[in-house]
Amino acid sequence: MGQIASEALIERLADWGVDTVFGLPGDGINGLMEGLRRHQDRIRFVLVHHEEAAAFMATAHAKATGKIGVCLATSGPGGIHLLNGLYDAKLDHMPVLAITGMQETSVLGTGYQQEVNLDKLYADVAEYDQMIYNPAQLPSVVDNAIRTAYARRGVAHITVPNDIQVADADADPWQHVAPARPPHTAPVMLQAPGRPRDEDLQKVADLLGSGEKVAILAGAGARHAREELLAVAEKLGAPIVKTLSGKACVPDDSPYTTGGIGLLGTRPSEELMEEIDTLFLVGTNFPYTKHLPAPGKVRAAQIEADPARAGGRIATEVPVVGDAKEGLQALLPLLKQRGDTSFLEKCQKRMQTWREHMAAQQDAGRDPIAPQYVVGVLDELATDDAVLTCDSGTIATWAARHWQIRGGREFFLSGNLATMAPGMPYAIGIQHAFPGRQVIGYVGDGGFAMLMAEFITAIKHELPVKIVINNNNSLGQILWEQMVLGYPEHGVRYPEPFVDYAAVATANGAFGIKVEKAADVHSAIEQGLAHHGPALIDVNVNPDEPPLPGKVEYQQAKKFAEAFLRGQPRKATIATTLFRDKIEQLKN
Ligand SMILES: Cc1ncc(C[n+]2csc(CCOP(=O)(O)OP(=O)(O)O)c2C)c(N)n1
Ligand SMILES: [Mg+2]
């Protein structure tokens, strides 16, 4: 049996080190599936239940391993389903390759069944977007696609018509009329050097040295630079504020961090941003500029990998281009040791109060169950190198504040797209890459329900992922957003009773447990984490627990009160929660 063109594509993926493809077959990719079947010794195919999840898994693979993630979908609807996950990759700058099927070349443009111009559809999401018209384009197009995804940190897309997929791998059916020959390329790529210019670094050192109250804002681009961040913070006597995507940069119990920033950040970080005169941004493109110092208030320097993004959020005197780790390493010897550490100490004192306040919210004695308590227990029982994946919603606030980075722990969520539902597919994608590691998906009931069938994927692949559902029977985040606008909530709560998601697990042979009482949380999470296979812990939490900002502004409180006056339902229970939190706060 001769080689088919799909094999040239699949083998080339393997040459690039790809060992896993996430996807779902269809009549538009039977040839590609045959290519995968013939080379299953080199690449495993992970069969999912929804293509969107396959794209999330590929994105998570890239986030957790640094290597390109690959997903595969059939022509038309399959390719359309991938899109949300691909935008997640694009917005969080992750190298992902999407491979899709296309109608056979003889019927293109005739309105044949499922004819969707996926190359046109993907024009906005993809950095590289190419249809295969001739097997002679392979494998070079694969090389170009993967190199582009890495270099531009984004999505590459290759779509392959059905007839080309099964054509002879060495077919080149048409006469060559130009002085062209298909390029013979190699599956190699080296990133550009990441060390910024010395003269630029000297300017950064001078600027940071001249500040009185200096802080560092570190993001996902500094996740690999923990040691260097801490060393720079020590030299500058500067606290490190972390974006949510950059949560794993430095441990949460480090004396040098004031934790997160923004709506789900900490009060000490908010206060610090109002007081500093100098800001050093490292590996971050933090989009919520309202939470950065007001224009003209600080002098800023930055280390950023992409010149197009450097200086894009705040007026930056020295927007240095380079890799965070290499840049900080080269900067360190240029920095002078700061003698006066009073600003850092002030921040540390505030953090002590904040930590006590957070610990008080992890109240084991509350029924309905406090969501903060659930994450608190998870945090206590998880291993020191556990990976936590999370959905968008109130869960992101609870995880930001109560999941503590320590040891080799990691934290991943959809940072910039902030889509619902990636938590569980992320966990599955990461567990495939790290079979021995504890991988926990901490998700909302809304997000879980969207891609619920992927729990079955975890069962079928015998993946020991642990899924913890913060089940508030509502789209909690939006409920509070509506109230903060001054409007009573509308259309954000699901009718009671709470859904029993644990039954999905137990009915299909996995570990599942429904938790309704605070007294049962600890043992349920303990059992779930100890279980050798997939486990689902579905916890009914208090739906009237607001994720308050670290520092409630007068305007926010006023709008909240307006929503109450305009007829916000469940006023009494919400007020009880608010009041109780206040009491806990006052206790400290
Ligand atoms: C695909 C998608 N649809 C809608 C939204 C808007 N949205 C953001 S958070 C949220 C609520 C999520 O509900 P759930 O997963 O139950 O989490 P909770 O906020 O209740 O903790 C919604 C609807 C979104 N971000 N993504
Ligand atoms: Mg919810």
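Numbering of ligands and ligand atoms starts at 1, following listing order.
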Which residue and heavy atom of the protein sit nearest atom 1 (C) of ligand 1, plus the separation: Thr419 OG1, 3.7 Å
Among the N, O or S atoms of Asp445, the one nearest the Mg ion (ligand 2): OD1
Close-contact set for ligand 1 against Gly476 heavy atoms, below 4.0 Å: 18 (P), 19 (O), 20 (O)
Residues Ile240, Cys249; criterion side chain to side chain contact (heavy atoms under 4.5 Å, CB included); working and verdict: CA-CA 10 Å; Ile240 302 168; Cys249 280; 5.8 Å; no
Distance-only N or O hit between ligand 1 and Gln477, under 3.5 Å: yes
Donor + acceptor pair across side chains of Asp379, Gln404 (<3.5 Å): no
Nearest-0.5 Å distance that lies between atom OG1 in Thr59 and atom CZ in Phe22: 10.0 Å
Enumerated ligand 1 atoms positioned under 4.0 Å from heavy atoms of Asn472: 18 (P), 20 (O), 21 (O)
Residue and atom name of the nearest protein heavy atom (relative to atom 15 (O) of ligand 1), distance in Å to one decimal: Gly447 N, 2.8 Å
Residue pair Val155 / Val125: nearest heavy atoms and the distance that separates them: CB-O, 3.6 Å
Value rounded to 0.5 Å, distance of OH in Tyr373 from NE2 in His522: 6.5 Å
N/O separation below 3.5 Å, Leu475 to ligand 1: no
Region of Ile395 that comes within reach of ligand 1 [heavy atoms, distance under 4.0 Å]: both
Distance-only N or O hit between ligand 1 and Asp445, under 3.5 Å: yes
Residue portion contacting ligand 1 (non-hydrogen atoms closer than 4.0 Å) for Ile478: side chain
His402 and Trp398 aromatic ring geometry - parallel, tilted or perpendicular at 30°/60° bounds: tilted
Parallel, tilted or perpendicular: rings of His81 and His50 (30°, 60°): parallel
Subset of ligand 1 atoms that lie under 4.0 Å from at least one heavy atom of Gly444: 14 (P), 15 (O), 16 (O), 17 (O)
Lys242 and Asp252: CA distance, side-chain angles, deciding distance, salt bridge (Lys or Arg N to Asp or Glu O under 4.0 Å) verdict: CA-CA 9 Å; Lys242 304 187 288 180; Asp252 279 302; 2.8 Å; yes
Protein contact to atom 21 (O) of ligand 1 [nearest heavy atom, distance to 0.1 Å]: Thr394 OG1, 2.4 Å
Polar contact flag, side-chain donor to acceptor under 3.5 angstrom, Asp88-Ser414: yes
Whether Thr394 has an N, O or S atom under 2.8 Å from the Mg ion (ligand 2): no
Nearest protein heavy atom with distance in Å, relative to atom 14 (P) of ligand 1: Gly446 N, 3.6 Å
Between Gln482 and Gln568: side-chain donor-acceptor atoms closer than 3.5 Å: no
Closest candidate by heavy atom, reference atom 23 (C) of ligand 1, pool Glu52, Glu545, Met420, Met450: Met420
Side chain to side chain contact (heavy atoms under 4.5 Å, CB included) evaluation trace for Phe412 with Ile430: CA-CA 10 Å; Phe412 297 106; Ile430 293 170; 3.7 Å; yes
Residue portion contacting ligand 1 (non-hydrogen atoms closer than 4.0 Å) for Ala418: backbone
The Mg ion (ligand 2) to nearest N/O/S of Asn471 below 2.8 Å: no
